[in-house]
Amino acid sequence: MPLEHVLGLASLLFALGLTGLMVRRNILFVLMSLEVMLNSAALAFVAAGAHWGQPDGQVVFMLVLTVAAAEVSVGLGLVLQIQRRFHTLDIDDATRLRG
Amino acid sequence: MTDLLWLIPALPLASATLLILGSQWLGPRWVATLGVGSVGAAGLCVLFTTLQWQGAPLQQTLWTWIQVGELSAGVSFYVDGLTLVMMSVITGVGFLIHLYSAEFMAGDTSYARYFAYLNLFVAAMLTLVMADNLLLLFFGWEGVGACSYLLVGFWHFDAANGAAARKAFVVTRVGDAAMALGLFLLFREFGTLDIQALSAAANARWEVGNPTAVLATALLLGGAVGKSAQLPLHTWLPDAMAGPTPVSALIHAATMVTAGVYLVARTHELFLLAPPTLTAVAVIGLFTLLLAAFTALCQHDIKRILAWSTISQIGYMFLGLGVGAWSASIFHLMTHAFFKALLFLAAGAVIHCLHHEHDIRNMGGLRSRLPVVFLSFLIGAAALSALPLTSGFFSKDLIVLAAFEAPGIGPWLWAGAVLGAFLTALYSFRLVFVVFFGRANTLPDRQPGPAMATPLSVLCVFSLAGGWLGIPVANVFPAEGEGHPALWVEAVSIGIPLLGLALAYALFLGRRWDASGLVESPLGQAFYRFWHAGWRVDGLYDRLWVKPFLVLTVLLKSEPVDRLYGAVVALCQLCYEGLSRSQSGRLRQYATVMAAGVIVLLGVVWRAAGG
């Protein structure tokens with residue numbers, strides 16, 4: 001399988017995730033989009049590692065996995081708090097941090 | 001008697017301090033005793049010193065005042081013949097004027113303040129004349145300037161008096177700035193400000209006509225011109241008459257305004273090295289004495305006439321200094337102190353007895369009503385006009401004849417001085433005839449008491465007989481030429497004042513001649529107005545300096561330079577407002593902008609990599 005195909009898939013996934021991040025208003029979907037973007041990056045690492053015959057790509061994948069797990073745990077905690085404070089999951093209603 | 005020297009300025013200073021601190025608790029009797037007594041005691045010290053004086057200069061160093069690098073100035077006194085003359089005039093005439101003030105100012109709400117300032121003035125003036133270095137002299141110089149300011153504006157509830165005081169202070173400050181520059185120059189050249197050391201060093205280093213010597217003496221002359229109210233800085237003195245009359249007698253006639261003459265005489269060894277400056281001194285003196293004499297003819301305020309005549313007489317002293325008649329100038333300084341103080345005190349008595357009337361057109365016929373004052377005024381006017389055998393005659397005659405002897409421009413100087421003498425006699429006796437003869441317009445409601453009459457009588461004696469007093473300045477100044485001018489020169493110099501007196505009689509008393517037609521004619525009116533306004537010098541300065549300055553203040557009032565810094569602040573404010581609006585709190589917007597930024601950055605990197 002040529003590298004270009006895998007990288008193309010990874011780019012497509014990243015673009016999908018980014019689009020989701022930009023257009024979805026529900027905070028759960030935003031988190032899911034982030035997850036997709038993280039995994040697309042991880043996929044690019046793995047493919048590149050396989051292409052060069054190096055283990056580094058898989059090491060970084062493990063790291064990304066850990067980061068994703070941590071991110072989800074913090075993110076879900078935030079989701080709970082937002083639900084409790086604002087009684088909604090719409091990210092556009094939680095704009096307390098505006099200047 | 002060197003030990004007593006420090007007491008002479010210290011006594012009035014101590015009294016001034018006591019009067020300032022204790023003005024709340026001291027009664028008027030105590031105030032007068034302290035104020036008059038301290039100057040009297042200082043006068044006794046001067047008398048004692050004079051009697052014990054052997055002819056050699058006395059020196060006393062009290063302490064080192066300033067010691068910085070090369071500069072070392074002590075509070076130290078140097079007393080020679082010239083200083084003794086000045087000290088005698090300051091304490092002697094000063095004591096009489098203090099005594100007179102005790103009655104003149106009685107009932108004033110600020111009696112203690114008045115005597116405190118007057119004592120402080122005497123202390124500063126004594127410091128000025130006794131100083132052995134130019135720095136201490138300058139300290140006294142500024143001290144008398146400050147006291148003059150305080151006393152001209154003594155009745156400060158009237159805004160006009162305050163303006164006169166400010167004018168006196170600011171105009172003399174112009175001269176003082178020049179003088180300070182002169183001191184800097186001298187210090188740079190010789191590394192000392194001690195007057196004797198300076199004279200010796202200058203004589204050793206500079207040949208006659210050295211440009212630096214000319215510059216340094218010209219700067220010193222600037223200071224002298226400001227303080228002595230000579231052209232072009234004379235405009236403050238007539239306005240300074242806003243102060244109480246004894247102040248005018250002491251500060252603006254007898255002592256402070258002659259400080260410039262003293263300065264030139266004290267540094268005469270420097271001036272001798274700069275003949276161009278000496279010529280300038282003589283020419284300034286001549287022009288000033290003529291300008292002031294013409295102006296005095298056209299004034300109506302009794303004190304302003306005397307003020308202009310003071311300017312004119314100091315012009316004579318400058319003329320004498322300029323032609324090298326040093327001792328004659330100092331002699332005229334002394335006799336002028338006597339008769340001008342007498343005239344001012346007599347004028348003060350007139351004003352005092354006529355409810356503060358200043359305009360001579362409202363006076364008249366006071367001869368029989370105020371006999372003591374009339375006699376004083378008559379003697380003073382005779383001495384001022386240099387009528388033969390009065391004190392003014394001896395001193396002015398010496399100056400006028402010395403002017404004739406001056407090489408080159410001598411006869412011109414003499415002719416100007418003689419014209420000035422004619423005008424002096426004319427305006428002096430105009431004053432006498434208008435105020436004391438003719439119809440009485442205002443009646444006096446009181447007579448001068450003993451405290452006012454005594455100084456008047458003593459000064460009368462000195463004004464008449466002061467010409468026979470010898471002044472011990474032979475060792476101070478270089479020997480002067482003993483040449484005797486032609487007989488006709490002497491005869492004209494002596495006769496001219498009598499001619500002036502005769503004309504004044506014909507115009508103002510005998511009414512042989514009616515001058516009103518001449519004055520009423522258009523040309524006469526033009527001259528009259530021109531002279532009445534003091535040759536319009538005030539108006540000229542107003543246009544040259546005061547108005548542009550005021551325009552500048554209006555322009556700078558809004559602080560245009562600050563606008564630049566204001567613009568920086570406004571820019572920052574604008575940026576802050578714009579950027580704070582971009583922080584909307586919308587997460588999706590942030591993400592979009594971030595993605596767009598990343599795309600742009602990637603594009604830039606891609607282009608830069610040459611893709």
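Below, chain A is the first sequence line, B the second, and so on; all start at residue 1. Note that these values count all heavy atoms, side chains included, but never hydrogens, waters or copies made by symmetry. The shown structure was predicted, so the numbers you read here are calculated from the model rather than taken from an experiment.
Counting heavy-atom neighbours within 6.0 Å of B:F139 CZ, excluding the residue itself, gives a total of 12 or less. Within a 6.0 Å sphere centred on CD of A:Q58, heavy atoms belonging to other residues, nucleotides or ligands number 12 at most. Environment of CE in A:M32: sparse, with no more than 12 heavy atoms of neighbouring residues, nucleotides or ligands closer than 6.0 Å. More than 12 heavy atoms of other residues, nucleotides or ligands lie within 6.0 Å of CZ in A:F86, so this atom counts as buried by the packing criterion.
Residues of residues 15-24 of chain A lying under 4.5 angstrom from chain B, judged on non-hydrogen atoms, are A:L18, A:L21, A:M22, A:V23, A:R24 by number.
Counting only residues at least two apart or on different chains, no ring-ring contact (aromatic ring centres under 6.0 Å, His included) pair has a member in residues 11-61 of chain A.
The CD1 atom of A:I91 sits 9.0 Å away from atom CZ of B:R588, with the distance rounded to the nearest 0.5 Å.
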